[in-house]
Chemist: 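Sharing a structure, written as structure tokens. Questions coming.
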Amino acid sequence: MITGGKSYVSSPPAFSNDGKRLLVCTGNAVSIFSASTGLQIASLEGHTAAVTSVIVVPGSKILCYCWTASLDGTIRYWDFSVPELMKKVDVKLPVFSMVIPSLLGQPSLSNEKPTDLFAYLSIENTKEQNSVPKSLRGQIRKCNLTASRLIGGLILKETPQPEFIYVSSSGKFFGIRNKRKLHIWMVPAKDSGHLVAKKITLHHTKNLTVLAFHPTKRIVAAGDVTGRILVWRGFGYRLLSISDGLVSGRLVNKEEERPGVRGNDDAESCSTWHWHSVEVNVLSFSSDGAYLYSGGKEGVLVVWQLDTGKKKFLPRIGSPVLYYIDSPDPTLSSISCADNQIHILKMPSMEILKSISGIKLPNSLPGIYEGGGFAFDYSTGFVALRTENYSVQFYSLFDDCGIDEVQVCERNHQPADEITVLVTLVAISQDGSMMSTVEVKQPEEGIGGFVCLKFWALGSENKKFSLSTVIYEPHRDAGISSVAFHPTRHVAVTSSYGGDFKIWACNDEIQQKGRMIQNSGWACLAVGSYKKKPMTAATFSSDGSVLAVAAETVITLWDPKKNVLVAVIGETFSPIVTLSFAGKSDFLVSVSRGSKPQLSVWRMSKLSLCWSYKLHIEAVACTVDLLSFAVLAHLPESATRVESSEPKFHERDGVILVFNVMDPVPVATWSVRKAKGGGLAFLRGNPSSLEQNISDGNAPQEFVAYINGNHEYVLFDPYGNEANELSITRREGLVELEETGKFGYSSIYGELPELKLKRNQALSIQSAPSERPWETIFSGSSHNLPPLTRLCSAFLESLMEKRTAVVE
């Protein structure tokens with residue numbers, strides 16, 4: 001079994017002490033990537049639920065230890081250079097966020113007795129049931145990591161939901177946001193189990209979204225839902241002070257004016273900056289405290305100069321910014337974006353050096369465009385996905401990495417909630433050499449909407465898709481319901497809700513007057529319709545001799561060469577949305593949705609229905625050679641509420657069924673999670689990119705690929721006896737850390753020249769006089785050059801033209 005497609009941006013990542021590795025929370029594991037190559041080199045596996053926090057223990061560059069926290073209720077200590085689990089702390093409550101301030105503070109002296117290590121956790125109190133209408137399920141708790149236990153009876157704060165904890169780089173303060181309030185605690189200098197940290201509260205008029213602490217001064221910044229940034233200066237001098245008198249070399253005047261500070265908040269001043277048009281997601285101070293970084297849904301990273309308020313920008317990131325992380329290497333930092341990408345930035349120019357691309361997360365589309373979100377390449381194991389930035393991402397399911405991204409529509413990222421352009425359909429030819437996309441521009445106030453059909457060709461050298469043909473309004477003002485390619489020819493069919501279908505051919509398929517057309521554009525070859533009914537689905541048979549087009553509830557069969565209607569079969573209760581031929585057989589699988597969903601299998605030779613089920617089918621996948629197919633069925637809520645001794649069963653809302661076309665009894669079944677909006681496909685085994693250890697020694701010929709609604713996927717052998725019979729070893733080239741980039745001194749000033757200390761070298765190598773001695777005569781150290789008189793004579797002779805003797 002092969003799994004992948006995890007989110008890289010569910011939690012903030014962390015750099016290693018040398019800045020060469022980036023630790024990323026990916027589902028139940030922590031993936032370790034090379035900051036220079038962007039490739040995965042290792043992973044920390046052991047948690048049984050999502051990892052929410054990863055904290056690298058500061059120290060020298062050779063130390064590779066980290067703490068992780070998870071929703072499984074455990075905290076683990078790792079040596080990620082091996083990688084190896086060193087310690088496990090079970091707190092028995094889901095941990096949503098964790099900070100360890102004492103790791104960031106000043107190191108204790110060697111002669112002092114080592115103290116216990118304490119962490120502050122944001123947990124969910126699952127023991128409190130929802131019997132209380134307004135129960136406070138979020139809690140800030142204290143944990144003794146050395147003793148491996150929670151501090152009993154000590155709850156720093158209760159909130160309606162678990163909140164993310166922010167900590168200062170000095171380890172002196174940590175805080176949370178709670179609606180319109182900031183709660184800030186001061187960590188005791190010598191922390192102990194029941195010692196309670198002092199707390200202050202700062203207020204605002206809008207809900208707060210994020211906060212950040214200055215590295216050296218008592219300055220805290222917070223962003224709100226309206227895009228404003230508030231900067232409180234001198235917080236906590238009254239309530240978080242050691243004494244009421246002189247604090248940090250200055251005298252506290254309780255009666256002085258405090259501009260911008262609300263009520264009796266403990267701060268000297270509060271200033272407001274406003275550039276973002278929507279809520280602020282990211283706030284982070286630079287390591288020297290001179291700049292403040294902010295980001296939000298605009299897809300722009302803003303750099304504020306703290307003293308003057310001046311700003312500069314990193315625009316066109318292409319997706320909302322979620323996290324900004326500094327590196328121990330001052331020339332590197334990272335930003336995490338909502339499109340499941342992490343960009344490594346070169347500082348201070350903010351140039352994107354490398355991107356770590358995960359599978360693009362699903363985007364929300366109107367109900368009529370929900371289908372057609374996946375297109376699979378059977379031979380390579382790639383999947384094409386629609387993305388929010390008007391692109392199609394090609395993702396390798398075997399390698400779990402992004403391959404390429406095709407920009408379907410040239411538009412910048414728009415933070416507005418109203419989407420005006422949608423990529424609704426993606427289709428790939430069977431050999432993977434052609435692609436078709438459909439984009440729809442939504443009408444604004446009933447004016448200006450249109451449909452655009454595009455054909456793309458795969459380059460023979462660069463293996464990238466380039467635009468071949470653009471067709472505006474291919475079916476007048478009607479929408480396109482499906483696109484399908486001919487299995488052997490450069491021919492495609494599109495069906496339309498307007499009541500017709502069109503067969504398109506690449507010009508190299510069209511012969512005019514006995515010669516081939518040179519350009520590779522696409523043109524309409526034929527048009528067909530049936531009783532002016534909406535054409536809702538279309539597909540070709542395995543040999544391309546039959547074209548099946550669904551006219552709402554009936555299936556029409558056509559000869560694609562002559563564009564002649566051959567037969568009409570069946571009638572379903574609801575409109576048909578999917579048609580697929582099962583392998584090389586004459587069986588046709590249809591899917592209907594609506595109030596009366598239906599899965600039907602038809603036999604073309606008898607023009608009759610073989611069998612059917614009343615199921616809500618999300619996706620259908622047919623084998624290439626065998627007489628079998630698989631369907632992804634979404635179970636109704638009533639079916640998922642069946643009482644079971646296994647708690648995890650309640651989370652499964654779908655089932656994968658594998659059928660033989662002749663038999664209505666499923667050959668195999670698997671229950672799955674998040675089936676709504678999922679995809680299914682058969683893929684050819686790809687042993688070239690993976691080494692597989694199979695129990696019986698035979699590699700599977702085909703895999704079933706299941707992608708759920710969150711774009712997490714699993715590949716498995718549908719005919720194997722056990723789901724976990726595959727043992728996948730890591731790809732060659734990703735085992736060792738490959739560092740080809742420049743860091744630190746070399747990234748700023750370049751590499752230092754290598755000093756060759758070998759002086760006694762063999763002089764037996766024969767050499768010939770150079771034909772261009774003026775290029776090398778002055779090379780070398782000054783103390784090694786010959787006297788100036790010899791140099792000048794040799795230099796002048798080298799400039800004089802030499803006559804070559806001619807032998808007659």
Side-chain angles (χ1 to χ4, degrees), residues 3-4 6-35 40-59 63-104 116-124 126 139-150 162-167 169 171 174 322-323 325-328 334 336 340 342 356 358 712 730 737:
T3 59
K6 301 297 184 180
S7 172
Y8 292 170
V9 296
S10 59
S11 300
F15 278 96
S16 61
N17 289 323
D18 57 4
K20 296 182 179 181
R21 282 163 287 192
L22 188 67
L23 283 69
V24 181
C25 300
T26 53
N28 298 356
V30 175
S31 300
I32 305 175
F33 292 88
S34 168
Q40 183 177 346
I41 56 178
S43 63
L44 307 178
E45 299 178 356
H47 286 288
T48 58
V51 180
T52 55
S53 298
V54 54
I55 301 172
V56 175
V57 179
L63 291 181
C64 299
Y65 298 104
C66 69
W67 290 90
T68 59
S70 169
L71 297 180
D72 62 5
T74 64
I75 301 171
R76 301 178 186 233
Y77 183 59
W78 307 82
D79 180 356
F80 60 86
S81 62
V82 181
E84 181 182 2
L85 177 64
M86 307 292 289
K87 185 177 182 179
K88 177 181 175 181
V89 180
D90 191 358
V91 298
K92 297 181 173 60
L93 290 171
V95 182
F96 283 79
S97 181
M98 176 180 68
V99 295
I100 310 176
S102 56
L103 289 179
L104 305 173
D116 289 351
L117 186 63
F118 293 94
Y120 293 88
L121 314 176
S122 175
I123 57 97
E124 181 181 11
T126 55
Q139 294 180 352
I140 305 298
R141 301 285 296 270
K142 192 175 183 180
C143 178
N144 188 330
L145 298 179
T146 306
S148 302
R149 60 181 177 85
L150 275 176
E163 299 289 348
F164 186 84
I165 307 179
Y166 303 85
V167 65
S169 58
F174 69 92
L322 299 181
Y323 307 110
I325 302 298
D326 261 327
S327 168
S334 75
S336 302
N340 208 19
I342 300 176
I356 301 173
E712 300 170 344
R730 191 165 299 282
L737 178 63

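Positions are given from 1 along the sequence.
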Chemist: Search all heavy atoms of Ile325 against all heavy atoms of Pro12 and return the closest pair with its distance.
Modeler: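 Heavy atoms only, the tightest pair is CD1-CB, 4.1 Å.
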Chemist: For the pair Val95 and Leu71, evaluate side-chain contact (heavy atoms from CB on, under 4.5 Å) and give the outcome as yes or no after the intermediate values.
Modeler: CA-CA 5 Å; Val95 182; Leu71 297 180; over 6 Å; no
Chemist: Nearest 0.5 Å, please: how far is NZ in Lys142 from CZ in Arg149?
Modeler: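 NZ of Lys142 is found 10.5 Å from CZ of Arg149.
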Chemist: Side chains of Ile100 and Phe118: does their closest heavy-atom pair fall under 4.5 Å?
Modeler: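 Sidechains of Phe118 and Ile100: no contact.
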Chemist: Determine whether Leu23 and Cys66 make a side-chain contact, defined as any pair of heavy atoms from C-beta on separated by less than 4.5 Å.
Modeler: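 Side chain of Leu23 against side chain of Cys66, heavy atoms only: contact under 4.5 Å found.
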Chemist: Check whether any side-chain N or O of Arg76 sits under 3.5 Å from a backbone N or O of Gly46 as a donor-acceptor pair, and report yes or no.
Modeler: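 Side chain of Arg76 to backbone of Gly46, a donor-acceptor pair under 3.5 Å: yes, one is there.
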Chemist: Can you sort out the partners of Lys88 under salt bridge (charged side-chain N to carboxylate O under 4.0 Å, His left out), two or more places apart, ordered by chain and number?
Modeler: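 By the salt bridge (charged side-chain N to carboxylate O under 4.0 Å, His left out) rule, Lys88 matches no residue at all.
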Chemist: Which pair of heavy atoms, one from Val54 and one from Ala14, lies closest together, and at what distance?
Modeler: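 Scanning both residues completely, I find the closest heavy atoms to be O-CB, 3.8 Å.
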Chemist: What are the two closest non-hydrogen atoms of Trp67 and Leu103, and how far apart are they?
Modeler: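 Smallest interatomic distance, heavy atoms only, reads CD1-CD1, 4.1 Å.
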Chemist: Contact between Phe80 and Ile32 at the side-chain level, heavy atoms closer than 4.5 Å - yes or no?
Modeler: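 The answer is yes; the side chains approach within 4.5 Å.
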Chemist: side-chain contact (heavy atoms from CB on, under 4.5 Å) for Leu121 and Leu150? Distances and angles first, verdict last.
Modeler: CA-CA 10 Å; Leu121 314 176; Leu150 275 176; 3.9 Å; yes
Chemist: Minimum heavy-atom separation for Ser334 and Pro13, please, with both atom names.
Modeler: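 Closest pair (atom of Ser334, atom of Pro13, distance): OG-CG, 4.2 Å.
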Chemist: What I want to check is whether the side chains of Asp72 and His47 have a donor and an acceptor closer together than 3.5 Å.
Modeler: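 There is such a pair between these side chains.
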Chemist: As an exercise, state the distance from CG of Asp18 to CG of Leu63, rounded to the nearest 0.5 Å.
Modeler: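 That separation rounds to 10.5 Å.
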Chemist: Can you check whether Ala49's main-chain N or O pairs, donor with acceptor, with Ser70's side chain at less than 3.5 Å?
Modeler: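 Yes; at least one donor-acceptor contact below 3.5 Å.
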Chemist: Quick one: does any side-chain atom of Lys6 pair with a main-chain N or O of Ala29 as donor and acceptor, under 3.5 Å?
Modeler: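 No, Lys6 side chain to Ala29 backbone: no donor-acceptor pair under 3.5 Å.
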Chemist: Show your working on side-chain contact (heavy atoms from CB on, under 4.5 Å) between Ile165 and Glu163 and close with a plain yes or no.
Modeler: CA-CA 6 Å; Ile165 307 179; Glu163 299 289 348; over 6 Å; no
Chemist: Has the side chain of Ser122 got a donor or acceptor atom that lies under 3.5 Å from a matching backbone atom of Phe164?
Modeler: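 Answer holds: no.
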Chemist: So which atom in Ser10 and which in Tyr323 form the shortest heavy-atom distance, rounded to 0.1 Å?
Modeler: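 Shortest heavy-atom separation between Ser10 and Tyr323 comes out as O-OH, 3.3 Å.
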Chemist: Asp116 side chain to Leu145 main-chain N or O, any donor-acceptor pair under 3.5 Å?
Modeler: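 Side chain of Asp116 to backbone of Leu145: no pair is present.
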Chemist: When you compare the side chain of Met98 with that of Ile75, does any pair of heavy atoms fall below 4.5 Å?
Modeler: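 With C-beta onward as the side chain, the pair touches.
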Chemist: If only atom types and distance count, is the side chain of Ser7 paired as donor or acceptor with the main-chain N or O of Val9 below 3.5 Å?
Modeler: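 Yes; at least one donor-acceptor contact below 3.5 Å.
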Chemist: With a 3.5 Å distance limit and no angle check, can you tell me whether Ser102 reaches the backbone of Leu117 through a side-chain donor-acceptor pair?
Modeler: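 Between the backbone of Leu117 and the side chain of Ser102 there is no qualifying donor-acceptor contact (under 3.5 Å).
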Chemist: Could you tell me whether the side chain of Phe96 reaches within less than 4.5 Å of the side chain of Glu124, counting heavy atoms only?
Modeler: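 Touching, per the 4.5 Å side-chain cut-off.
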Chemist: With a 4.5 Å limit on heavy-atom distance, are the side chains of Val24 and Ile342 in contact?
Modeler: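 Side chain of Val24 against side chain of Ile342, heavy atoms only: contact under 4.5 Å found.
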Chemist: Locate the shortest heavy-atom distance separating Asp79 from Met86; write the atom from each residue and the value.
Modeler: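 In this case the closest contact between Asp79 and Met86 is N-CG, 3.7 Å.
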Chemist: Leu104 versus Pro58: any side-chain heavy-atom pair under 4.5 Å?
Modeler: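 Yes - at least one pair of side-chain heavy atoms lies under 4.5 Å apart.
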Chemist: Roughly how far apart are Leu22 CG and Ser327 OG, rounded to 0.5 Å?
Modeler: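 The CG atom of Leu22 sits 8.5 Å away from the OG atom of Ser327.
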Chemist: Cut-off 3.5 Å, side chains only: do Ser31 and Thr26 have a donor facing an acceptor?
Modeler: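 There is such a pair between these side chains.
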Chemist: Using a 4.5 Å cut-off on heavy atoms from C-beta on, say whether the side chain of Tyr65 contacts that of Val56.
Modeler: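 No, their side chains stay 4.5 Å or more apart.
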